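Notes to accompany the following structure.
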Amino acid sequence: MPDRIYPSQPESVYFYGTCLVDLFYPDAGMAGIELLKREGLQVIFPQDQSCCGQPAYNSGYREEARAVVRSQLALFSKPIPIIVPSGSCASMMRNRFPDLFEGDPDESKAVALSGRVFELTEFLVHVLEVDLVDLGPPVNVTWHGSCSMQREMGLREEPRQLLQQLNQVQLTPLERERECCGFGGTFSVKLPEISSAMAKDKADDVRRTGAQILISGDCGCMMNIKGTLEQDGAPVTAKHIAQFLWERTHESG
Amino acid sequence: MSQADFRGAASVAVGDVQLRGNFRRAMDGLMEKRAAQFTDADEEGRLRALGESIRSRSLARLPELLEKLEASCKRNGIQVHWAETTADANQTVMDILKNRGARTLVKGKSMVSEEMELNHFLEAEGIEALESDLGEYIIQLAGEMPSHIVMPVIHRNTGQIAELMEQKIEGAPYTEDADELCQIARKVLREKFYRADAGVSGVNFAVAETGTLCLVENEGNGRMSTTAPRTHIAVMGIEKVVEHLQDVPPLLSLLTRSATGQHITTYFNMISSPRRPGEVDGPEEVHLVLLDNGRSRIVSDPELKATLRCIRCGACMNHCPVYTRVGGHAYQAVIPGPIGKILTPQLQGLDERGDLPFGSTLCNACVEVCPVKIPIVELLLRLRAEANSPTGDSSVKGSGAKRDKTEALLWSGWQRMHASGKLYNSLSRVLAKTGNLAPGFMPPLSGWTATRTKPRFASQTLHQLARKRGVPDE
């Protein structure tokens, strides 16, 4: 993956909530918006946004995916960055929109939009170069980077860099940090036996770190690992990195 | 044969503690060995890019290079045969054996011969075909299929192999000493090498320019199979051709380092002719059987043709979190793992194996290590779209065969909900209010809740929160 050239800090950005954040982890979405606002950015949240199309695309329903993405293209027409609190949705938008619209009348719009997509931690580190001041009590956490975040977006160090800025936070890495948690979108319900086995291994890995909180940048993985830990009664909570960073660094506690 | 079913077989395999342990240990070892071979990321990047370009260039000019290969082989005295289907290829092998009056043969390891199910075919024709690669020999004793393309018997541990050999080989004692096991097999095989009328091998690379058949191996059985008997028959898929001799070293380096983490294998054979006048050894005749079996169709698709860049190193399966948990047999295919998930459905048709492309989390671990940079995840996605194609109008065999009316309706409903901001906003609010009432025991959610708690909808959506907190809409 060629190194990306990052722009300087813009005045305003779009926020792309993603459907999982919208429905299951809205606090993570709000935290992402707050983190950006704190850096002096105007954050725009188009109310007609819905989904990046990935569920249908990954299931082989490209027409349906294209129709949904087409409805999103017009909502993000200003030439400003689009920030996504998910490695997997960011990768869909950044890496797959151009292919999905190849030869389509909307191809140029899709290509232009994909070039403006940034994953949240990527943007915080490379464009905003944030300095975080930890206000929280000591805590032991571990980090799970999604496969899309690590291998499709090439973002391995960025989340770690942010977490390491928090001086009361002890980050214990997973033993098999790079291995998939078994979520895989519809894979988790289409091949539940394999998916569960993978999730179980990942949950065991999390438990071995002794961490109190599992942090991730992708809600699908988080739901999968946390759901497994919870079923086993493990004393570990899970949090989206945006929410964790915001909760530890803003004044009103 | 009943319809192959990855999910069914995989869900049984995943519960087999012994099997999972065997694979996890073996794959961990292989990943470590590969990593030790590629410590310089720049060198790795350059070599993989070179490998990709060599293979792409070969495939771009496949018909021309195959003609060139045929001409070069003929010039060298190697007889060339073309086979459209596996049945043609088997018949060709049989005809050669008949002509030569051969009744017994020894085989070096060859995935194409597995694709042809050559052993079964020959057995029915009354020919004794003995696998001479140690791993292949063991699975032949067990009556099993290979579970890995490089290490066919990796699903068994030493104890399981010891038991099998004690049962199947007359006079063999039970021993878990790997060297002793090798010696037992070696004794049987030596005898066969001396007596076999013919030898069959695969081909790793065939050089068009020079008519050279390259064979990579570690045990020397490949060299024995191709030199000791009077007749050598090499079988290869047509995609294995490369243009120049200098194309071989980078591919060989990528192959051995990616596959077993070896800088180079113990043996590397370059076969360029039968025994020449005045030479004291080597086969009297060398035959090359070139198998298409759907490969021409794959090459005709500009995106899917990348599948055929594969040099069969197995690194994709070694690094695959799904393969590691279910093992090779669950795929019920000659070639398992990530490459098998894209190759098998294309060769056999999506009607038969349209289940395979869905058996992946799309994690990209395979893509990261593929020595010829096959975009496996993109091809899985393409094949999923082909499997569910509404028209079936495509060169991919069985396109549209997996389309399910209920699922198509669900996605069309999903589309309607998500393509309209208004509808999405009102329906997502309904979900926030009532979504948690959905019972977790109903499929497809029951697959999830068997081992995980049910995801809980938040009481307000991010859309609602953002609006309340005055986040501007445009």
Side-chain angles (χ1 to χ4, degrees), chain A residues 15 17 19 21-27 29-30 33 42-51 53 55-64 67-68 70-71 75 147-148 151-152 178-180 182-185 187-200 223-224 227-228 230-231, chain B residues 7 10-11 14-15 321-322 325-326 358-365 367-368 378 381 384-388 390 408 411-412 414-415 417-422 424-425 428 431-432 435 444-445 447-448 450-458 460-467 469 471-474:
Chain A
F15 195 77
C19 59
V21 165
D22 191 37
L23 294 170
F24 296 97
Y25 301 97
D27 293 338
M30 274 318 297
I33 292 173
Q42 191 207 15
V43 180
I44 303 169
F45 184 88
Q47 280 284 335
D48 278 350
Q49 63 175 284
S50 59
C51 173
Y57 186 78
N58 283 5
S59 299
Y61 285 82
R62 292 194 174 181
E63 280 308 321
E64 291 76 358
V68 168
R70 204 187 300 283
S71 75
L75 306 174
C147 299
S148 349
R151 285 185 277 265
E152 290 188 1
R178 297 176 76 156
E179 190 173 83
C180 178
F183 174 63
F187 176 85
S188 61
V189 288
K190 282 193 173 170
L191 290 114
E193 297 84 5
I194 310 174
S195 175
S196 290
M198 293 168 72
K200 179 80 173 51
M223 211 176 248
N224 182 39
T228 307
E230 217 168 47
Q231 181 97 334
Chain B
R7 181 186 166 182
S11 43
V14 86
V322 172
R325 287 181 177 78
V326 303
F358 293 90
S360 165
T361 63
L362 309 173
C363 84
N364 270 291
V367 176
E368 199 170 42
E378 303 312 315
L381 289 169
R384 288 179 181 191
E386 289 286 353
N388 289 331
W411 286 116
S412 130
W414 172 90
Q415 176 194 324
M417 169 174 173
H418 291 85
S420 148
K422 249 197 196 116
Y424 177 77
N425 269 288
S428 59
L431 282 173
L445 205 55
W448 175 279
T451 58
R452 311 171 186 85
T453 53
K454 203 171 74 174
R456 282 179 294 274
F457 287 94
Q460 292 189 72
T461 65
L462 176 61
H463 284 71
Q464 288 172 292
L465 291 181
R467 195 190 299 259
R469 300 195 192 162
V471 182
D473 171 43
E474 56 176 9

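A quick note: this is a predicted structure, and the numbers were derived from the prediction, not measured. Only this structure's heavy atoms are used, side chains among them; waters, hydrogens and symmetry mates stay out. All chains are named by letter (A, B, ...) in the order of the sequence lines, taking the proteins before the strands, and each is independently numbered beginning at 1.
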Response to the item:
Taken to the nearest 0.5 Å, the spacing of B/Q415 CD from A/R70 CZ works out to 10.0 Å
Practice prompt. Sort B/A408 into side chain, backbone, both or neither according to what part of it lies under 4.5 angstrom from a heavy atom of chain A.
Written response: both
Discussion item. Taking the side chain as everything from C-beta on, heavy atoms only, tell me whether B/Y424 gets closer than 4.5 Å to A/C51.
Written reply: no
Fill in: Residue pair B/H418 / A/S71, side-chain heavy-atom distance below 4.5 Å
no
Worksheet item: Given that the side chain runs from C-beta out, which part of A/S148 has a heavy atom under 4.5 Å from chain B: side chain, backbone, both or neither?
Response: neither
Worksheet entry | Segment of A/L23 engaging chain B (4.5 angstrom heavy-atom cut-off) | both
Discussion item. Could you check whether any side-chain heavy atom of A/M223 comes within less than 4.5 Å of a side-chain heavy atom of B/W448, counting everything from C-beta outward?
Written reply: yes
Response to the item:
So, the part of A/Q49 with a heavy atom under 4.5 Å from chain B: the answer is both
Worksheet entry | Under 4.5 Å from a heavy atom of chain A, the part of B/L362 involved | both
Discussion item. Any heavy-atom pair between the side chains of B/V471 and A/F15 that's under 4.5 Å?
Written reply: no
Response to the item:
Of the listed A/T228, A/V43, A/I33, the one with the largest count of heavy-atom pairs under 4.5 Å with chain B is A/T228
Fill in: Within 6.0 angstrom of B/E474 CD, more than 12 heavy atoms from elsewhere
no
Item to complete: Identify which of A/G185, A/S195, A/A199, A/G17 forms the greatest number of heavy-atom pairs closer than 4.5 Å to chain B.
Response: A/S195
Discussion item. Show the nearest heavy-atom pair for residues B/A10 and A/I194, with the distance to one decimal.
Written reply: CB-CD1, 3.6 Å
Item to complete: Could you tell me which non-hydrogen atom of B/A466 sits nearest to which non-hydrogen atom of A/F45, and how far apart they are?
Response: CB-CD2, 3.9 Å
Discussion item. Side chain to side chain contact (heavy atoms under 4.5 Å, CB included), that's the test. Do A/M198 and B/T361 meet it? Break it down for me.
Written reply: CA-CA 10 Å; A/M198 293 168 72; B/T361 63; 4.1 Å; yes
Worksheet item: Is any side-chain heavy atom of A/P26 less than 4.5 Å from a side-chain heavy atom of B/Q460?
Response: no
Practice prompt. Name the region of A/Y57, side chain, backbone, both or neither, that has any atom closer than 4.5 Å to a heavy atom of chain B.
Written response: both
Worksheet entry | Side chain, backbone, both or neither of A/E179 within contact of chain B (heavy atoms, under 4.5 Å) | side chain
Worksheet entry | Engaged part of B/K454 at the chain A interface, taking heavy atoms whose separation is under 4.5 Å | neither
Worksheet item: Checking A/R178 against chain B: side chain, backbone, both or neither under 4.5 Å from a heavy atom?
Response: side chain
Fill in: Closest heavy-atom pair and its distance - B/V14, A/A197
CG2-CB, 3.5 Å
Worksheet item: Looking just at side-chain N and O atoms, do A/N224 and B/R452 make a donor-acceptor pair shorter than 3.5 Å?
Response: yes
Worksheet item: Using non-hydrogen atoms only, which part of B/A387 is less than 4.5 Å away from chain A: side chain, backbone, both, or neither?
Response: neither
Worksheet entry | Min side-chain heavy-atom separation A/R151-B/V367 under 4.5 Å | no
Item to complete: Using side-chain hydrogen bond (donor to acceptor under 3.5 Å, both in side chains) as the criterion, list what pairs up with A/D27, not counting sequence neighbours.
Response: none
Worksheet item: Has the side chain of A/E193 got a donor or acceptor atom that lies under 3.5 Å from a matching backbone atom of B/R7?
Response: no
Worksheet item: Do B/N388 side-chain atoms and A/S59 backbone N/O form a donor-acceptor pair below 3.5 Å?
Response: yes
Worksheet entry | B/N364 side-chain N/O to A/E152 backbone N/O, donor-acceptor pair under 3.5 Å | no
Practice prompt. Check whether any side-chain heavy atom of A/V68 sits under 4.5 Å from a side-chain heavy atom of B/W414, and report yes or no.
Written response: yes
Discussion item. With a 4.5 angstrom heavy-atom cut-off, is it the side chain or the backbone of B/A432 that approaches chain A, or both, or neither?
Written reply: neither
Item to complete: Please name all residues satisfying side-chain hydrogen bond (donor to acceptor under 3.5 Å, both in side chains) with A/E230, sequence neighbours left out, ordered by chain then number.
Response: B/T453, B/R456
